[in-house]
Amino acid sequence: MTALCFAGGGVVFMGIDRLLAAHRTPASQAVDMLLDYIPESLALGAAVATGNGIGVLLAVLMAVQNLPEGFNAYREMRRGRRLGNGRIVALFTLIALLGPLAGFAGYLWLAPYPALVGAIMLFASGGILYSVFQDIAPQVPLQRHWAPPLGAVAGFLLGMLGQLAVPA
Amino acid sequence: MEGAPAEDLGLKPVPDEVKQERWERFMAHQQAISAARLQRKIGTEIEVLIDEVDDEGAVARSGPMPRRSTVTLHRLHDSAAGRQGVGAGDGCRRVRPLGRDPLKSSTRARARHRWARRAESALIPDSNDGMESPMSPWLRSFSVTLLPGLAMPAGALLAIHERIHPRWLETELRHAILAFGAGALLAAVALVLVPEGMAALPGG
């Protein structure tokens with residue numbers, strides 16, 4: 001069951017990714033970002049539903065990840081020269097509002113079903129892992145520069161320290 | 001009441017039926033609040049100290065309890081998870097799986113032991129407890145879930161800023177930040193999401 005949820009998350013997000021790749025549109029970059037953000041929001045909504053400290057830790061880790069993502073998405077969208085600064089920022093803010101939506105859904109409907117919350121967390125994990133290796137990790141390497149991979153180690157370290165700081 | 005200032009106001013005593021009706025209204029309101037708070041605990045598993053066990057279930061205490069109240073817990077059977085636990089508790093902050101049968105004597109002994117070690121801290125009231133407004137968990141959940149999303153427009157603003165000051169963020173640094181984010185996300189998956197998800201699912 002756990003394996004099924006996890007694998008399902010990866011496969012479903014691959015399916016959406018392939019579907020999008022087949023129909024490239026100018027808004028694709030925003031859709032890609034949205035696609036990364038959906039499993040994160042799902043996971044966060046599920047975490048909030050459990051009601052303990054891990055929701056905050058997840059939120060911080062995701063904020064850390066979304067900052068460079070917004071940065072890169074902006075540059076790529078700007079390159080297309082179809083949207084102005086204000087509209088891009090407004091669009092991103094609109095996407096951001098998905099988070100509380102998922103959070104409230106988790107808080108309202110999911111909290112009484114811990115098994116469902118667990119399943120969503122695993123599904124989202126599969127999706128996140130897919131998008132990390134599909135979108136994020138391939139953008140990292142630079143010829144003859146050694147800091148980027150160390151950044152990944154530092155990011156994971158932040159998660160570890162956060163895990164220690166949050167009472168289990 | 002003799003000597004109370006209210007006696008001097010010259011008011012007629014309220015009839016007993018009215019007193020009873022007011023008391024019932026007050027209790028109904030209070031019970032609704034209490035029920036709503038307990039409702040949120042349903043489906044969660046709470047670490048408790050079992051006071052006594054009978055055929056119907058157990059009476060136990062949960063969490064730091066400034067009011068020293070006891071709560072009646074009901075055996076819950078989560079058929080999907082094939083697990084038993086105890087649910088419903090007031091003043092509880094921690095949620096943790098209790099294993100197959102929380103009412104077993106060994107669990108009880110462990111709970112007592114843990115409780116004894118925490119007895120001192122339990123005497124200090126949790127600042128949140130007892131004065132929790134109905135809005136606060138909503139606000140908390142709102143801000144917690146909005147924060148990661150807002151990082152995206154923040155990143156875009158940073159990128160706009162960089163256009164004004166070209167090469168403000170060198171390529172290497174930008175790639176490192178991207179990798180940092182990926183590392184943080186992997187940590188979220190490996191340390192939080194997968195362990196929590198597997199613990200909650202049957203056959204995990």
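Worth knowing before you read on, the calculation uses all heavy atoms, side chains too, and leaves out hydrogens, waters and symmetry mates. Just so we're on the same page: letters track the sequence lines, and every chain starts at 1.
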I'd like to check Asn66(A) versus Leu150(B) (side-chain heavy atoms, cut-off strictly below 4.5 Å). Are they in contact?
no
Heavy atoms only: give me the nearest Ala187(B)-Gly159(A) pair and the separation to one decimal.
CB-CA, 3.7 Å
What pair of heavy atoms forms the shortest contact from Val194(B) to Ser125(A), and how long is it?
CG2-OG, 3.7 Å
Tell me, for [X] versus chain B, whether the close heavy atoms (under 4.5 Å) come from the side chain, the backbone, both or neither.
{"X": "Leu158(A)", "answer": "side chain"}
{"X": "Val89(A)", "answer": "both"}
{"X": "Phe123(A)", "answer": "neither"}

Interatomic distance, [X] atom [atom1] to [Y] atom [atom2] [nearest 0.5 angstrom]:
{"X": "Leu178(B)", "Y": "Gln65(A)", "atom1": "CG", "atom2": "CD", "value": "8.0 Å"}
{"X": "Phe71(A)", "Y": "Met152(B)", "atom1": "CZ", "atom2": "CE", "value": "16.0 Å"}
{"X": "Leu61(A)", "Y": "Leu186(B)", "atom1": "CG", "atom2": "CG", "value": "10.5 Å"}
{"X": "Glu196(B)", "Y": "Leu122(A)", "atom1": "CD", "atom2": "CG", "value": "10.5 Å"}

For Leu193(B) and Leu58(A), what are the C-alpha separation, side-chain angles and deciding distance, and is it a side-chain contact (heavy atoms from CB on, under 4.5 Å)?
CA-CA 9 Å; Leu193(B) 291 174; Leu58(A) 268 187; 3.8 Å; yes
Which of the residues Ser131(A), Ser41(A), Gly126(A), Ala59(A) is involved in the greatest number of heavy-atom pairs with chain B at under 4.5 angstrom?
Ala59(A)
Who wins among Ala3(A), Ala96(A), Cys5(A) for the most heavy-atom pairs under 4.5 Å with chain B?
Ala96(A)
For the backbone of Gly155(B) and the side chain of Tyr74(A), can you confirm whether one donor and one acceptor N or O come within less than 3.5 Å of each other?
no
